[in-house]
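The structure appears below as structure tokens.
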Amino acid sequence: MNSVKRRGVTRLAAVILTTGLAAGGTVATAGGASADEAPQNQGGVIATLGRITAGGGAVVHDRRKTGNVMAGLFEMKVEGGGALQTYCIDILTNTVDGAKYKETGWNESSLHANKNAGKIRWILQHSYPQVNDLAALATTSGAGTLDANTAAAGTQVAIWRYSDNVDVEAKNPAAEKLADYLYKSAENVEEPKASLTLTPPAVSGRSGQKIGPVTVHTNASSVTVAPSGDAAGQGVKVVDKAGKPVTSTGNGGELYFDVPAGAPDGSVTLKATAATKVPVGRAFIGNHTKTQTMILAGSSESTVSAAATANWATKGAIPALSAKKNCEKGGVEITADNKGDQPFTFELEDRKHTVRPGGSETVLVKVGEDQAYKFTITGPNGLSRTFSGILDCKTAETGSTGGSTGGTATPSATPTPASGKTTSGTTTGTSGSATGGDLATTGSSSATPVIAGVAIALVVVGGGAVFLLRRKKTVGGE
């Protein structure tokens, strides 16, 4: 290493991969980071949880927890404009007051291993609020008479039977009849496509060339695209395959980063935005917060967005870095592509990986369920990417906070405060179940994850790069 240092080509950067989840804390990281925060999901909607707008009481009889719970339809406010309606698909997990949620595919949620996920979407398509003729719904289901509250309660109960495999019944007879009808009639239908995604989320290449393509996938009629603010100063443009500048495109559009020859080595981010209705059945998980997983029941025209990054250089290793959750394998997959003329080598958990020029390597980093993670990867030419989130791939086996002592037949008028009052109309902190435990309250927890540390070191050698990861035990860590 001394000879390398004398040539002045060694760089040392800290990469933090943090895991661990503790109730009642805040996110903590080791040292300040100046790295760019990479896109946290493949794109779509970011929304804030609001109140239950319609619903009623239900009773759960389960080996895990037994007691009363509120079954109802939530509202969400979309960042940038728009509104969503959602049902819960994780009955034993609390909601967090004011939690931000992000749209995601079933493969990154508790639905990834649920063989009945398609039946849940069928229920959403054939009940309230997608079916707003409640008289017709009552006739079809044999429920007698339905209003918004009983329709929402019955729909939620039917969903829970498939999402959580739980024995639950609505207190209202009409709602219970609707739940039985929906549960027995449901058929498997396909997963909905995302409202907006860009693939791949990261590309790389040589300056003086078009870098890409990045493909747009959307149900919107038109998508606006623009590079980050510093792109103009670097002379970087977003173009199509023919090299024509692009400011808007549609589904299937292919975008390239046109980087002029002689441009200093660097990177830029492309942002795509659109206004569209999010497809019914899309999953919503907490954005850096452990909270109850939701599924979309209805959408106004809402702002959706996605991002992709490009990294370029004139020579050496030119990596493109991205990460995504893999619920099936229980971790986060880190992908490194190398469009340079020298190998890109990294060592992860005592195993060395070398990405040849023009090649790609994907490595799985195991993360425990409900554990937060954050890591920053620093590479040549000033490349720096940070990825963070929480692995939330399963429905809860037990409620995380105190009890439910008798859900009411009407929803709470306000979102859940941190003090323990719940959107469901139940109260936390008591022990009211027949088993001595308590159901999660659908809207009550202020718990946030605390991240413990695992260190990673990065060394750049010549035109390539070497990543070193060493796990070390920490209090509250793995």
Side-chain angles (χ1 to χ4, degrees), residues 36-47 78-80 82 102-108 191-205 209-231 236-259 266-279 282-285 287 302-312 318-326 332-337 339 360 362 377 383 385-389:
D36 295 332
E37 186 76 11
Q40 294 304 300
N41 64 325
Q42 297 298 309
V45 159
I46 298 292
V78 176
E79 286 189 2
K102 61 183 179 181
E103 176 189 346
T104 193
W106 290 356
N107 63 326
E108 293 191 27
E191 177 182 358
K193 291 180 168 51
S195 60
L196 176 63
T197 59
L198 300 177
T199 58
V203 292
S204 64
Q209 301 177 353
K210 295 195 302 292
I211 300 173
V214 172
T215 303
V216 177
H217 306 276
T218 185
N219 65 345
S221 58
S222 180
V223 177
T224 300
V225 297
S228 57
D230 59 346
V236 179
K237 299 177 182 178
V238 178
V239 300
D240 61 16
K241 189 175 182 179
K244 182 180 178 180
V246 174
T247 57
S248 65
T249 187
N251 183 48
E254 292 187 343
L255 306 173
Y256 295 80
F257 296 84
D258 188 359
V259 182
S267 64
V268 72
T269 298
L270 165 71
K271 186 173 182 180
T273 57
T276 188
K277 290 185 177 181
V278 183
R282 289 291 286 172
F284 280 79
I285 60 177
N287 191 15
S302 299
T303 299
V304 297
S305 63
T309 60
N311 181 49
W312 65 86
I318 314 176
L321 302 169
S322 61
K324 68 176 182 178
K325 298 177 185 177
N326 187 323
V332 179
E333 288 183 328
I334 304 166
T335 298
D337 297 322
K339 299 299 183 181
S360 179
T362 298
I377 301 176
L383 177 66
R385 294 288 180 266
T386 296
F387 304 95
S388 61

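The structure presented is a predicted model; accordingly, all values stated were derived computationally and were not measured. Note: hydrogens, waters and symmetry copies are ignored here, and every other heavy atom, side chains too, is used.
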How far does OG of Ser322 sit from CG of Asp337, to the nearest 0.5 angstrom? 6.5 Å
Taking every non-hydrogen atom, the tightest pair across Tyr256 and Lys241: CE1-CA, 3.5 Å
Side chains of Thr362 and Thr335 only: does a donor on one sit below 3.5 Å from an acceptor on the other? yes
Check the pair Asn287, Ile46 against side chain to side chain contact (heavy atoms under 4.5 Å, CB included), reporting the backbone distance first and the verdict last. CA-CA 8 Å; Asn287 191 15; Ile46 298 292; 3.9 Å; yes
Rounded distance (nearest 0.5 Å) linking atom CD of Glu254 with atom OG1 of Thr249: 9.5 Å
Between Asn251 and Thr218, is there a donor-acceptor pair closer than 3.5 Å when you use the side chain of the first and the backbone of the second? yes
Donor-acceptor pair, Asn311 side chain versus Pro319 backbone, under 3.5 Å? yes
Considering all heavy atoms, the nearest Pro213-Pro200 contact: O-CD, 3.5 Å
Separation of Thr197 OG1 from His217 NE2 (nearest 0.5 Å): 5.0 Å
Thr303 versus Glu79, closest heavy-atom pair with distance: CB-O, 3.7 Å
Tightest non-hydrogen contact, residues Thr269 and Ala307, listed as CG2-CB, 4.1 Å
Considering non-hydrogen atoms only, spot the tightest contact between Val223 and Ala272 and give its length. CG1-CB, 3.6 Å
Rounding to 0.5 Å, atoms OG1 (Thr104) and CZ (Arg282) come to a distance of 6.5 Å
Distance from Thr224 atom OG1 to Lys271 atom NZ, nearest 0.5 Å? 11.0 Å
Run the side chain to side chain contact (heavy atoms under 4.5 Å, CB included) check on Phe257 and Val268 step by step: do they pass? CA-CA 9 Å; Phe257 296 84; Val268 72; 3.6 Å; yes
Step by step, would you call Thr309 with Ser267 a side chain to side chain contact (heavy atoms under 4.5 Å, CB included)? CA-CA 7 Å; Thr309 60; Ser267 64; 5.9 Å; no
Roughly how far apart are Ile334 CD1 and Lys324 NZ, rounded to 0.5 Å? 13.5 Å
May I have the step-by-step check of side chain to side chain contact (heavy atoms under 4.5 Å, CB included) for Val216 and Leu198, ending in yes or no? CA-CA 5 Å; Val216 177; Leu198 300 177; 3.6 Å; yes
Taking all heavy atoms of Pro227 and all of Val238, pick out the closest pair and write down the distance. CD-CG2, 3.7 Å
